[in-house]
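Working notes for the structure below.
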Amino acid sequence: MNRTNVFTAERVGCTVPSADGDRVIFEGLSFAITAGEIVDLVGPSGSGKSSLLTAFARLNPHATGVLALQGRDANDFTPQQWRREVAYLPQKPILPGRTVAEAIRLPFSLSIRADAEGAADDGEAGTAAADADKSADGMQARGGDGNVDAGTTVNTGRRIGHIGIGRKFIALFRNNEEQARRLLPDQRIRMTLDAMGCDDIDLDRPPHDLSGGQAARVSLARTLLTGPKVLLADEVDAGLDDENAEKVADIMATAAARGMAIVRIRHRPPDGRASRIVTLADGVLNASSAPTEAGTATVAASAVISPTPVPGMVTGMASDTNLGTTARRARA
């Protein structure tokens, strides 16, 4: 049975400038994945696996190629729209925020802020929005918590002529967290983390206090809750012990059973979840069937993951209850 590719990439290349001249990492690569498929991307260290995944996510400034999502060219999306649908999980999680709950709600807070800015009037209020964006981006780049004190950073050298409009925008900005909490309540976050073996992580805990493995699972939980169509996971199980790596694999399998397409960079032995393995070596992609792990069952189609849609996002995934229960039952 032919299935339509949810994501395609053609003529993908990556050339990195260096002191000795431009270095070609790879060129002319093609790749496709269908909804509900898990593909493992493997290969020697330094072969360009992360460069390829960041190219798919439109996060690699040295990459070129033709990308499409459900037949729609990537150039038809803004970078923000693309990254909502094609989510990249780095090997080292980035968790800005004062608490774990706040870090997980970040995509919702940012989306609410973007909606507020889009609704703002032109002129000085629009300038305030742009200044707030620049301030927030600067804080995150410096490793801050990503929160902007609108009273001190929105007006960066410009006077807001219409104070009423400026105050309305500031009020919207400060209400982001409250609105995000309504969209994604603590109970939903708690259930997700518990299903991923993170029942020992308090929602009020500062993200910088998490271990590497805990941070990886919190980052994965945040991404899954937004319900992207494609998940690009860059060795997110590298810092986990075998038991917790299995839990993460179960959650990904559950997401795939509900239609998410997943590409995983892995260095662990095959775990039976992938439908095929793609090897990147010497600038060439070679595909092969994935060996199944003894005793590993495919997660049933009834397995359910329940994303909480970000405003303006179409997830295409149904809502239900516990993330991990059906995956564990399928493997029992």
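Residue numbers run from 1 in the order of the sequence given. The figures that follow rest on heavy atoms only: side chains count, while hydrogens, waters and symmetry mates do not.
- The distance from atom CG of Leu232 to atom CZ of Arg83, rounded to the nearest 0.5 Å, is 12.0 Å.
- No donor-acceptor pair closer than 3.5 Å links the side chain of Arg264 to the backbone N or O of Met252.
- Residues Arg222 and Leu106 meet the side-chain proximity criterion, which asks for heavy atoms closer than 4.5 Å.
- Between Arg205 and Asp200 the shortest heavy-atom distance is NH1-O, 4.2 Å.
- Counting only heavy atoms from C-beta outward, the side chains of Ile262 and Val39 never approach each other to under 4.5 Å.
- Side-chain contact between Val66 and Thr8 is absent, with no heavy-atom pair separated by less than 4.5 Å.
- Judged by distance alone, the side chain of Lys49 and the main-chain N or O of Gly43 form a donor-acceptor pair under 3.5 Å.
- Judged purely by atom type and a 3.5 angstrom limit, Arg84 has no side-chain atom pairing as donor or acceptor with the backbone of Thr226.
- For the salt bridge (charged side-chain N to carboxylate O under 4.0 Å, His left out) condition, the pairs that include at least one residue of residues 232-242, sequence neighbours left out, are Asp237-Arg266, Asp237-Arg268, Asp242-Arg268.
- Heavy-atom minimum distance, Leu224 versus Ala255: CD2-CB, 4.1 Å.
- Residues passing the side-chain hydrogen bond (donor to acceptor under 3.5 Å, both in side chains) test with Arg23: none are found, sequence neighbours excluded.
- Within the 4.5 Å cutoff, the side chain of Phe7 has no heavy atoms near those of the Lys229 side chain.
- Under a 3.5 Å cut-off, the side chain of Thr192 and the backbone N or O of Ala221 do not form any donor-acceptor pair.
- Contact of the Asp204 side chain with the Arg98 side chain is not registered, since no non-hydrogen atoms from C-beta on lie closer than 4.5 Å.
- Closest heavy-atom contact between Val12 and Ala55: CG1-CB, 4.2 Å.
- Applying the ring-ring contact (aromatic ring centres under 6.0 Å, His included) definition to pairs two or more places apart or across chains, none involves residues 236-255.
- The closest side-chain heavy-atom distance from Leu203 to Ile104 is not below 4.5 Å.
- Heavy-atom neighbours of Asp202 CG from other residues, nucleotides or ligands within 6.0 Å: above the threshold of 12.
- Atom-to-atom distance recorded for Thr279:OG1 and Asp40:CG is 10.0 Å, nearest 0.5 angstrom.
- In this structure, Phe56 and Phe31 have parallel ring planes: the angle between them is below the 30° cut-off, well short of the 60° mark.
- Distance CG/Leu220 to CG/Leu193: 10.0 Å, rounded to 0.5 Å.
- Note on Met260 and Val236: same hydrophobic cluster, where clusters join Ile, Leu, Val, Met, Phe, Trp and Tyr whose side-chain heavy atoms are under 4.5 Å apart, directly or indirectly.
- Atom-to-atom distance recorded for Leu89:CG and Ile94:CD1 is 10.5 Å, nearest 0.5 angstrom.
- Under the 4.5 Å side-chain contact rule for hydrophobic residues, Leu52 and Val16 share a cluster.
- Taking both residues in full, the closest heavy atoms of Ser45 and His267 are given as OG-CE1, 4.5 Å, listed atom of the first, atom of the second, then distance.
- Residues that satisfy the side-chain hydrogen bond (donor to acceptor under 3.5 Å, both in side chains) test with Asp20, not counting sequence neighbours, are absent from this structure.
- For the side-chain hydrogen bond (donor to acceptor under 3.5 Å, both in side chains) test, no residue two or more places apart in sequence or in another chain qualifies with Asp22.
- Expressed to the nearest 0.5 Å, how far CG of Asn60 lies from OG1 of Thr54 amounts to 4.0 Å.
- In Gln81, the CD atom is crowded: over 12 heavy atoms of neighbouring residues, nucleotides or ligands sit closer than 6.0 Å.
- With Ser219 contributing its side chain and Ala215 its backbone, the two residues share no donor-acceptor pair below 3.5 Å.
- A chain of hydrophobic side-chain contacts below 4.5 Å, direct or via other Ile, Leu, Val, Met, Phe, Trp or Tyr residues, connects Val230 to Tyr88.
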- Task: Verify side chain to side chain contact (heavy atoms under 4.5 Å, CB included) between Leu67 and Trp82, making sure each step is shown before the conclusion.
- Result: CA-CA 10 Å; Leu67 309 178; Trp82 183 263; 4.0 Å; yes
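- Put simply, the residue from Ile25, Ile265, Asn286, Leu41 that forms a side chain to side chain contact (heavy atoms under 4.5 Å, CB included) with Leu280 is Leu41.
- Counting only heavy atoms from C-beta outward, the side chains of His62 and Pro17 approach each other to under 4.5 Å.
- A continuous path of hydrophobic side-chain contacts links Ile33 to Leu59 [ILVMFWY only; heavy atoms under 4.5 Å].
- When all heavy atoms of Ile38 and Ala256 are compared, the closest pair comes out as CG1-CB, 3.7 Å.
- Side chains of Glu102 and Thr99: a donor-acceptor N/O pair is absent below 3.5 angstrom, by distance only.
- Not counting sequence neighbours, the partners of Thr34 by the side-chain hydrogen bond (donor to acceptor under 3.5 Å, both in side chains) test are Arg3, Glu37.
- Separating the CZ atom in Arg273 from the CD atom in Glu246 is a distance of 4.5 Å, to the nearest 0.5 Å.
- Hydrophobic clustering keeps Leu231 apart from Val6 (ILVMFWY residues linked when any side-chain heavy atoms are closer than 4.5 Å, directly or through intermediates).
- Looking only at side-chain heavy atoms (C-beta outward), Val248 and Arg217 come within less than 4.5 Å of each other.
- A pairwise comparison of heavy atoms in Arg190 and Cys198 identifies NH2-O, 2.9 Å as the closest pair.
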- Message: For Asp186 and Arg181: C-alpha separation, side-chain torsions, deciding distance, then whether side chain to side chain contact (heavy atoms under 4.5 Å, CB included) applies.
- Response: CA-CA 7 Å; Asp186 284 353; Arg181 185 180 291 272; 3.3 Å; yes
